[in-house]
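Structure first, commentary second.
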Amino acid sequence: MNVLVINCGSSSLKFQLINSDSEQVLAKGLCERIGIDGSLTYQPAGGEKVKSDKAMPTHTEAIQFVIDALTDDKTGVVKDLKEIGAVGHRVVHGGEKFAKSVVITDEVMKAIEECNDLAPLHNPANLIGINACQKLMPGTPMVAVFDTAFHQTMPAKAYMYGLPYEYYDKYKVRRYGFHGTSHSFVSKRAAELVGKPYDAVKTIVCHLGNGASICAVENGESVDTSMGLTPLEGLVMGTRSGDIDPAILEFIAKKEDLDIAGLMTMLNKKSGVFGLSNNLSSDFRDLTSAAESGNEIAATTVDVFCYRVAKYVGSYVAAMNGVDVIAFTAGIGENASLVREKVMEYLGYLGVAIDKEANDSHGEEVKISTPDSKVDVFVIPTNEELAIARETVALV
Ligand code: AMP
C-alpha cells in the first residue's frame, strides 16, 4: 500500500509518499509560506528536486498541489489518487485522550481539538491539514499518529509536577513528553540490534536535534522523558532553554520589563545553545567548529549541552535501575561525533567504553561502544515518516 505521510504546520506542510511493502520513499517534498505566497519543493525517488512558486492561500491548495505533483504525467509516481491507500497525519498533542495512533473519525477530530489548549501552535495546524486532506481525498482512510502517545505509559511519579493538584485536576497540567514516534522507532530498533525482545530491554534514547529530548524505555514502554507539558522542558536545545530555575522568570521580567509573551519568546526562541553562545548559532556544525578553533563561549555551550544530556542519562539509569542500550538519534545525535564522545565520557562509571573509530561516523546506523563495553551504545538514524506509515498501515 502507498501511504501519504503529512506533517502539517501553520504555514508549512512536509509530505512523503511511502510504499509500505518495500518501505521505500516514492516521493517527498515541502510546501512553504502557505497563506503568504506559497512554494512547493517536490522530489520523486531518484529524480531531481524541483522548486516552484504556487499561490497557496490555504492548506487545501497546498495539498491539491501535492496531489497534482504525485499524479503528474512526467514527475508523478502514481497514476491517480486511488493508488494512495491511506494518509498518516502527524499530530503533536494527544493529551491523555490518546495513548495510541487512531483512525480519524469525527469524534477523533473533536478530541484532538480539545487538546488544542495544550499545543496552541501545533494542534490547530494539524487539524487544518487533516480537514484539507479529507476534502480532497474523500473515502481515503486517515490515521492520526501523536507525538505524545508513546509516553502515556509513564507512571504518575514521572508525569506529576510538584504543583497544586488542582491544576492537574482542572487543566491536566502534567508531563506529556514529545518525539514519541522517534523514541518508539529507535528503541524498537535498538532491541533488534542487541537481539533481545523489546519487552526485555532497558533503553535510553537521546533524540538530539534542534528540538531535543531523552526517553527511558523499559520493557517496551516509555517510563520517563525529558520534555514536559510542552517541548520547552529538559535538555538545552537549539533555541529553547530546557530546565531552568522557574524564579529566573520573575527576576528577568522585572529587569528587562518583559510580559509573559516576551518571556515565552525569550525561552523558546532566544535561549538554548543559540542564546548561550551569545547568538553565535543554534546549529551544532557552527558551534563545534567554533569550539574546535578556540572560541571559548562556543566550547562552554557545547559542554553545557553535553553535560545536561549526561545528567539526564544518569537519572534515567536510576529510574530504570540499570540500562542495556543507549541510542543517539536526530540531527546532532546522528552526526555530531564530538557530542557523542563527550556524553559517553561521563558514562564511564556505567562501564560504557567508546569505540572512537566507529564514533567517527555521520548519519549511519553504527555501534559506537567497544565489544567489552558494559552498555551497548548505538547511533540509530530516526525515521518518523516511516514510523507513521507503519502505524497507518497497521490501523487501516
Ligand atoms: P533535526 O532537528 O533532527 O533536523 O536536527 C537539526 C540539527 O542537527 C541542526 O541544527 C544541527 O545542529 C545538527 N546537525 C545536522 N547535521 C550536523 C552535522 N553534520 N554535525 C553536527 N551537527 C549537525
Side-chain angles (χ1 to χ4, degrees), residues 5 7 9 12-16 25 28-30 32 41 43 90 92 121-122 147 150 177-187 189 205-215 225-227 230-242 268-293 295 297-309 327-344 356 358-366 368 378-388:
V5 176
N7 182 355
S12 69
L13 184 155
K14 281 192 220 145
F15 64 93
Q16 283 194 5
V25 177
K28 63 181 177 182
L30 169 70
E32 287 171 290
T41 308
Q43 186 174 26
R90 175 182 180 216
V92 168
L121 295 179
H122 296 101
D147 266 22
F150 180 61
F178 297 85
H179 293 139
T181 313
S182 175
H183 288 302
S184 159
F185 179 88
V186 172
S187 57
R189 182 68 190 140
V205 180
C206 307
H207 178 112
L208 310 179
N210 194 35
S213 71
I214 304 210
C215 183
T225 191
S226 58
M227 283 179 168
T230 75
L232 188 53
E233 192 182 346
L235 302 176
V236 179
M237 307 180 214
T239 60
R240 293 184 204 131
S241 65
N268 277 300
K269 308 256 188 236
K270 299 183 181 170
S271 298
V273 293
F274 173 71
L276 190 52
S277 66
N278 209 6
N279 302 353
L280 179 66
S281 179
S282 63
D283 193 309
F284 261 76
R285 283 164 285 206
D286 303 331
L287 292 170
T288 47
S289 70
E292 278 161 352
S293 21
N295 180 320
I297 295 183
T300 304
T301 301
V302 173
D303 282 347
V304 170
F305 179 88
C306 297
Y307 180 65
R308 181 75 57 88
V309 173
F328 288 93
T329 194
I332 300 163
E334 291 167 28
N335 293 293
S337 41
L338 177 72
V339 170
R340 295 191 300 251
E341 183 176 339
K342 279 178 175 284
V343 172
M344 286 171 79
K356 289 202 178 177
N359 186 44
D360 193 22
S361 70
H362 308 276
E364 305 162 51
E365 185 175 279
V366 59
I368 55 173
F378 291 94
V379 175
I380 301 178
T382 192
N383 192 337
E384 288 169 280
E385 289 78 12
L386 177 58
I388 292 174

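For the numbers below, each heavy atom of this structure counts, side chains included, while hydrogens, waters and symmetry mates do not. Numbering of ligands and ligand atoms starts at 1, following listing order.
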#### Entry: Test ring pair (Phe, Tyr, Trp, His ring centres under 6.0 Å) applied to Phe15 - qualifying residues, sequence neighbours left out
none
### Message
Quick check: do Val273 and Phe284 have side-chain heavy atoms less than 4.5 Å from each other?
### Response
yes
### Query
Which residues satisfy the salt bridge (Lys or Arg N to Asp or Glu O under 4.0 Å) test with Lys356, sequence neighbours excluded?
Glu341
### Message
Among residues at least two apart in sequence or on other chains, which ones pass side chain to side chain donor-acceptor pair (under 3.5 Å) with Lys14?
### Response
none
### Query
Looking only at side chains, do Ser213 and His207 share a donor and an acceptor under 3.5 Å apart?
no
Are there any protein N or O atoms under 3.5 Å from the N or O atoms of ligand 1? List them with distances, or say none.
from: ligand 1; atom 1: 2 (O); to: Asn210; atom 2: N; distance (Å): 2.9
from: ligand 1; atom 1: 3 (O); to: Gly331; atom 2: N; distance (Å): 2.9
from: ligand 1; atom 1: 8 (O); to: Ile332; atom 2: N; distance (Å): 3.4
from: ligand 1; atom 1: 12 (O); to: Asp283; atom 2: OD1; distance (Å): 3.4
from: ligand 1; atom 1: 12 (O); to: Phe284; atom 2: N; distance (Å): 2.7

### side-chain contact (heavy atoms from CB on, under 4.5 Å) partner of Asn359, the single match among Leu338, Ile368, Val366
Ile368
